[in-house]
Amino acid sequence: MIPAGSLLVAEDLRKTYGQTSALDGASFSIHPGEVVAVLGPSGSGKSTLLHCLAGIIRPDTGRIRYGGRELTTLSDAGRSALRRTDFGFVFQFGQLVPELSCTENVALPLRLAGARRKAAEQSAREWLERLEVDDIGGQRPGEVSGGQAQRVAVARALVTSPRVVFADEPTGALDSYSGERVMQLLTDAARLTQAAVVLVTHEARVAAYSDREIVVRDGRTRDPDHAV
Ligand code: ADP
Ligand code: MG
């Protein structure tokens, strides 16, 4: 059964790598604008679940529906187009382009979508300001702190106004003070733009920023609030 009003729903996902079962019956659903934390120990299948939900990898079996479309039957090109237009990503290590300035990094997704340089960089600067790092726009990622780089990565994820932001251990490489700040800014920005957030983490304090939590263990999901 698909919960009413869901934006992204996955049912009974299974995925194996050789002998290793990464997902063994994982289900998930998220509403527009909702922040859902995916918790679980290292190796439990959280990143594999996120990669399936985001259309980066295909599960072996199971269904994933996004806004009325079945992701698992879309072509690779179809899924990659969807990732560009509808999804934003924040990973543990910002994965910014080292040769570009922070402003250019944030402007890049808009440039790839066809925006002119001036307009893209204007939006990028506004996003850097929202993330309180407008002072480092001209610097390269290698010249700023880990916390600053991660705020730039959050700005880059949100600049295209995605419907869903996928964040995989976004504070995993930060000290707790910078981590808390990044989480606060990420969830504030997502609420502002009404983006849903799939927040993968093994840190309970990070999950405190979510509306709802689900737990992954041995590739299976458990939702303490809803049975999905
Ligand atoms: P988590 O993000 O919770 O740490 P993962 O989803 O990364 O867990 O991994 C779940 C299981 O699948 C682990 O046993 C991991 O070693 C295995 N796994 C994940 N990705 C791959 C891969 N590309 N190749 C082989 N094994 C993988
Ligand atoms: Mg992981």
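Side-chain atoms are counted along with the backbone in the values below, which use heavy atoms only and exclude waters and symmetry mates. None of the values given here were measured: they were computed from a predicted structure. Both ligands and their constituent atoms are indexed starting at 1 by order of listing.
Judged as a side chain to side chain donor-acceptor pair (under 3.5 Å), and not counting sequence neighbours, His51 has no contacts. Residues that satisfy the side chain to side chain donor-acceptor pair (under 3.5 Å) test with Thr73, not counting sequence neighbours, are absent from this structure. By the salt bridge (charged side-chain N to carboxylate O under 4.0 Å, His left out) test, Asp24 pairs with Arg14, Arg220, sequence neighbours left out.
For atom 7 (O) of ligand 1, the nearest protein heavy atom (residue, atom name, distance) is Ser47 CB, 3.8 Å. Nearest non-hydrogen protein atom to atom 23 (N) of ligand 1 is Tyr17 CE2, 3.5 Å. For atom 6 (O) of ligand 1, the closest heavy atom belonging to the protein is Thr48 OG1, 2.6 Å. Remark: minimum distance from atom 8 (O) of ligand 1 to any protein heavy atom is reached at Gly45 N, 3.2 Å. For atom 4 (O) of ligand 1, the closest non-hydrogen atom on the protein side is Gly43 N, 2.7 Å.
When only modelled atom types and interatomic distance are considered, Gln139 and Ser101 share no side-chain donor-acceptor pair under 3.5 Å.
In this structure, Val36 and Glu213 have side chains that are not in contact, with every pair of non-hydrogen atoms separated by 4.5 Å or more.
In this structure, Phe87 has its ring center under 6.0 Å from that of Tyr66.
The Mg ion (ligand 2) has Ser47 OG as protein N, O or S atoms under 2.8 Å away.
Other residues, nucleotides and ligands contribute at most 12 non-hydrogen atoms within 6.0 Å of the CG atom of Asp218. Around atom CD of Glu132, more than 12 heavy atoms belonging to other residues, nucleotides or ligands sit under 6.0 Å away.
Using a 4.0 Å cutoff on heavy atoms, Ser44 counts as a contact of ligand 1.
Distance screen at 4.0 Å: atom 13 (C) of ligand 1 has a protein heavy-atom neighbour inside the cut-off. Shown here, atom 26 (N) of ligand 1 is in close reach of the protein: a heavy atom of it lies under 4.0 Å off.
Using a cut-off of 4.0 Å between Lys/Arg side-chain N and Asp/Glu carboxylate O, Arg125 and Glu129 are scored as not salt-bridged. A salt bridge is defined here as a Lys NZ or Arg NE, NH1 or NH2 lying under 4.0 Å from an Asp or Glu carboxylate O, and Glu11 with Arg65 fails to meet this definition. Salt bridge status for Asp211 with Arg191: present, with a side-chain N to carboxylate O gap under 4.0 Å.
In the vicinity of Pro41, heavy-atom distances shorter than 4.0 Å reach the ligand 1 atoms 3 (O).
Looking at Thr20 against ligand 1, only its side chain comes within 4.0 Å, counting heavy atoms.
Where the criterion is an N or O separation shorter than 3.5 Å, residue side chain and backbone included, Lys46 meets it with respect to ligand 1.
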